[in-house]
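Keep in mind that what you see is a predicted model, and the values were worked out from it rather than measured. Chain A is the first sequence line, chain B the second, and so forth, proteins listed ahead of strands; every chain is numbered from 1.
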Number of protein chains: 2
Amino acid sequence: MSASHTPEDVHDRCAHCVGRRLSVCSSIDDCDLAILANESSRMTVSDGRSFIEEGAPANDFFVVTGGRVKLFTLLPDGRRQITGFAKGGDFLGLAASTSYAFGAEALGGATLCRFPHAGMQRLTERFPSLEHRLREEASRELALMQARMTLLGRKTARERVATFLIERCQNLEKPDLSHPVELDLPMPRTDIADYLGLTIETVSRILSAFKKEKLISIRSITHITLLMPERISTIAEGME
Amino acid sequence: MSASHTPEDVHDRCAHCVGRRLSVCSSIDDCDLAILANESSRMTVSDGRSFIEEGAPANDFFVVTGGRVKLFTLLPDGRRQITGFAKGGDFLGLAASTSYAFGAEALGGATLCRFPHAGMQRLTERFPSLEHRLREEASRELALMQARMTLLGRKTARERVATFLIERCQNLEKPDLSHPVELDLPMPRTDIADYLGLTIETVSRILSAFKKEKLISIRSITHITLLMPERISTIAEGME
DNA sequence: TACCAGACTTGATTCAGGTCAATGTGATGG
DNA sequence: CCATCACATTGACCTGAATCAAGTCTGGTA
């Protein structure tokens, strides 16, 4: 019998998880971690594999514990809107009643912690603060989506790309725009385009234009440095 | 001293409210209505008046008890994205952490019930099911927003207007698309345009086109009949 | 070291929807 | 009953981003 089933290890699984620090799990006391661990299970998803099917019955919540994930909705003819990128600590599955309102797939490999709805309900009954934490998470997400709707409905292509770059900065631990910022863009251009409601050609052209204007430097496809973050931020708000 | 301050009347105020049937208040038992009433206050907002300022400190939740309300975000230069229309029973204020992520104003006069955050917290502590209900509300809203992002990011003008018409149908009590449907559009074209990420001219042109194609008939500016709701629905999904 | 496949960039052209400019309409009030 | 005003519609034209079509770069592999 493997050691991985002892209570201590189950406890540790949660104790050392990013979700413990960042996600809804932070609303649970250390001494109760075993209960949390018992209601959840780990899973690994390899690059490009889908683990939430849009429209499928919504049976689970997920916490991203490692890697990255993209969320999207599709139109019948294949047009795709990426509604968000998730990273370690992010909570997935709130935008669902009986069926998921979005699909999800791994972006370069991801690890997840899965909470079946039934287990989550047992947890929220036992730890009422968890329910509050879930609502906070939903509120935060709602506020982000308001901004994204403004982006998609009212911003120009240039403003969208600038907004995207600034958003990536704000995902960093030190969101300081007063100095150059090095960014890692783990997603392909196609995903950026589908996130911004543009085509890949337009995204590419605008990044090239920013480079020509010395606003950014492109060290490699995935590695971009914002040379003038504050100017980019100004562009993002439509005030250039 | 007016009778309006007796406990019975306070109770009645909630008992006869649309929110009682439709909104988060439905998670409270009849016998506790006085407690609910005590944490809330009624207010009236006249046409076009704003009652939530985007970016202002978020101190209250609101339930729409009558009339209609529009929610929006603004860019510094005045471009506006309407993020939703709310009607009787709808809950407002979840998309806010410390400050509101959106502005709100009445569309032709509205009545609201205001819940200060502090009072709402007392209520959720006393009635844990209310917290759950708030989360459900947030989830419902999140699912709607996913669809709206797809609309704004990936649909054509024609598909957007068709989607808007179908959404209006689904707000009705009998969402039956197999027969002609009479719709009331209480909002001006400007608002429809800002909701769909289009200009008012484009909205107007597409409605005229739908009329020419015998998909709708326009009885007056605010009164439209969908003659072939299912065909409009097909257009809305991009499958025409 | 050269080849290949997939992802990205760049250029030329097109077109959906925006902008600008009349014109129409219907509610209100003198 | 007409003038006014705000809103909506329609038309002519323009433009930002999409589409179509070559290139180019990169990393893997033989």
Side-chain angles (χ1 to χ4, degrees), chain A residues 47-48 70 75 77-82 107-108 151-165 183-213 216-224 235 238 240, chain B residues 47-48 70 75 77-82 107-108 151-165 183-213 216-224 235 238 240:
Chain A
D47 188 24
K70 56 189 169 197
L75 288 173
D77 63 1
R79 276 174 285 173
R80 184 179 68 155
Q81 177 65 45
I82 291 190
L107 182 63
L151 178 142
L152 293 171
R154 286 297 178 225
K155 287 190 180 177
T156 65
R158 204 174 145 83
E159 288 161 3
R160 293 181 199 204
V161 174
T163 307
F164 173 74
L165 294 174
L183 283 185
D184 197 54
L185 302 182
M187 66 289 287
R189 296 287 186 266
T190 318
D191 286 355
I192 300 178
D194 282 348
Y195 179 69
L196 298 176
L198 300 171
T199 58
I200 125 178
E201 293 94 330
T202 300
V203 171
S204 187
R205 268 188 259 274
I206 288 173
L207 286 175
S208 299
F210 283 170
K211 186 169 91 177
K212 197 169 300 173
E213 298 170 41
I216 65 174
S217 80
I218 303 178
R219 300 170 51 175
S220 79
I221 287 171
T222 60
H223 201 183
I224 284 182
I235 295 170
E240 57 174 328
Chain B
D47 188 23
K70 57 189 169 196
L75 289 175
D77 63 1
R79 277 174 284 173
R80 185 178 67 155
Q81 177 65 45
I82 291 191
L107 182 62
L151 177 141
L152 293 171
R154 286 297 178 223
K155 286 190 181 177
T156 65
R158 202 173 146 83
E159 289 160 3
R160 292 181 201 205
V161 174
T163 307
F164 174 73
L165 294 173
L183 283 185
D184 196 55
L185 302 182
M187 65 291 286
R189 296 288 186 266
T190 318
D191 287 355
I192 300 178
D194 283 348
Y195 179 69
L196 298 177
L198 300 171
T199 59
I200 129 177
E201 292 94 331
T202 300
V203 171
S204 188
R205 267 187 259 273
I206 287 172
L207 286 175
S208 299
F210 283 171
K211 187 169 90 177
K212 197 169 299 173
E213 299 170 41
I216 65 173
S217 81
I218 302 177
R219 300 169 53 174
S220 80
I221 288 171
T222 60
H223 201 182
I224 285 183
I235 294 170
E240 58 174 328

K.L.:
Provide, to the nearest angstrom, the distance between the CZ atom belonging to B:F210 and the P atom belonging to D:dA8.
P.N.:
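After rounding, the reported distance stands at 18 Å.
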
K.L.:
For the pair made of CD1 in A:I206 and P in D:dG16, what is the distance, rounded to whole Å?
P.N.:
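From A:I206 CD1 to D:dG16 P: 11 Å.
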
K.L.:
Can you say whether a donor on the side chain of B:R189 sits under 3.5 Å from an acceptor on the base of D:dT10, or the other way round?
P.N.:
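Flag unset: no donor-acceptor pair detected.
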
K.L.:
Calculate the interatomic distance between B:D47 atom CG and D:dC7 atom C1'; express it in whole Å.
P.N.:
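Distance, rounded to whole Å: 14 Å.
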
K.L.:
How is A:S208 classified with respect to the nucleic acid when contacts are heavy atoms under 4.0 Å: base, sugar-phosphate, or nothing?
P.N.:
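Sugar-phosphate, no base atom in range.
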
K.L.:
Working to the nearest 0.5 Å, report the span between CG of A:L152 and CG of A:L196.
P.N.:
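Answer for the CG-CG pair, A:L152 versus A:L196, is 7.5 Å.
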
K.L.:
Side-chain contact test, heavy atoms from C-beta onward, threshold under 4.5 Å: evaluate it for B:L198 versus B:V161 and give yes or no.
P.N.:
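B:L198 reaches B:V161 side chain to side chain.
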
K.L.:
Report the residues that fulfil ring pair (Phe, Tyr, Trp, His ring centres under 6.0 Å) with A:Y195, sequence neighbours left out, ordered by chain and then residue number.
P.N.:
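Ring pair (Phe, Tyr, Trp, His ring centres under 6.0 Å) check on A:Y195 returns A:F85, A:F164.
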
K.L.:
Applying salt bridge (charged side-chain N to carboxylate O under 4.0 Å, His left out), name anything that partners B:R79, two or more places apart in sequence or on another chain.
P.N.:
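Partners of B:R79 by the salt bridge (charged side-chain N to carboxylate O under 4.0 Å, His left out) criterion, ordered by chain and then number, come out as A:E159, B:D77.
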
K.L.:
How would you list all residue pairs meeting side chain to side chain donor-acceptor pair (under 3.5 Å) that involve residues 185-194 of chain B, not counting sequence neighbours?
P.N.:
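Qualifying pairs: A:R154-B:D194, B:K70-B:D191, B:R80-B:D191, B:R80-B:D194.
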
K.L.:
Hey, does A:T156 reach any base, or is it just sugar-phosphate, or nothing, if we go heavy atoms under 4.0 Å?
P.N.:
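Sugar-phosphate only.
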
K.L.:
How many Å lie between CD on A:E201 and P on D:dG23, as a whole number?
P.N.:
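From A:E201 CD to D:dG23 P: 16 Å.
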
K.L.:
What is the first contacted nucleotide of DNA chain C and what is the last, in 5' to 3' order, if contact means an atom lying under 4.0 angstrom from a heavy atom of chain A?
P.N.:
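From 5' to 3', the first and last contacting nucleotides are C:dC8 to C:dA12.
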
K.L.:
Side-chain N or O of A:T199 versus OP1/OP2 of D:dA18: is the shortest distance under 4.0 Å?
P.N.:
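Checking D:dA18 against A:T199, a side-chain N or O does come within under 4.0 Å of OP1 or OP2.
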
K.L.:
What is the distance, rounded to the nearest whole Å, between atom CD1 of A:I221 and atom P of D:dG28?
P.N.:
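Whole-Å distance recorded here is 12 Å.
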
K.L.:
For residues 204-211 of chain A, which side-chain N or O atoms pair as donor and acceptor with protein atoms under 3.5 Å away, sequence neighbours left out?
P.N.:
from   : atom 1 : to     : atom 2 : distance (Å)
A:S208 : OG     : A:S204 : O      : 3.0

K.L.:
Starting at CZ of A:R205 and ending at C1' of D:dG23, how long is that distance when rounded to a whole Å?
P.N.:
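Those two atoms, CZ and C1', are 13 Å apart.
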
K.L.:
Heavy-atom nearest nucleotide on DNA chain C for A:K212 versus A:P188: which residue maps closer to 5'?
P.N.:
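By nearest-heavy-atom nucleotide position, the 5'-most residue is A:P188.
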
K.L.:
How many Å lie between CD1 on B:I218 and C1' on D:dT9, as a whole number?
P.N.:
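It works out to 10 Å between those atoms.
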
K.L.:
Using salt bridge (charged side-chain N to carboxylate O under 4.0 Å, His left out) as the criterion, list what pairs up with B:E201, not counting sequence neighbours.
P.N.:
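With sequence neighbours excluded, B:E201 shows a salt bridge (charged side-chain N to carboxylate O under 4.0 Å, His left out) to no residue whatsoever.
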
K.L.:
On DNA chain D, compare the nucleotides closest to A:V203 and B:L207; which residue's is nearer the 5' end?
P.N.:
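With A:V203 and B:L207 compared, the 5'-side residue is B:L207.
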
K.L.:
Grab the CD1-C1' distance between A:I200 and D:dC20 for me, whole Å please.
P.N.:
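After rounding, the gap between these two atoms is 13 Å.
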
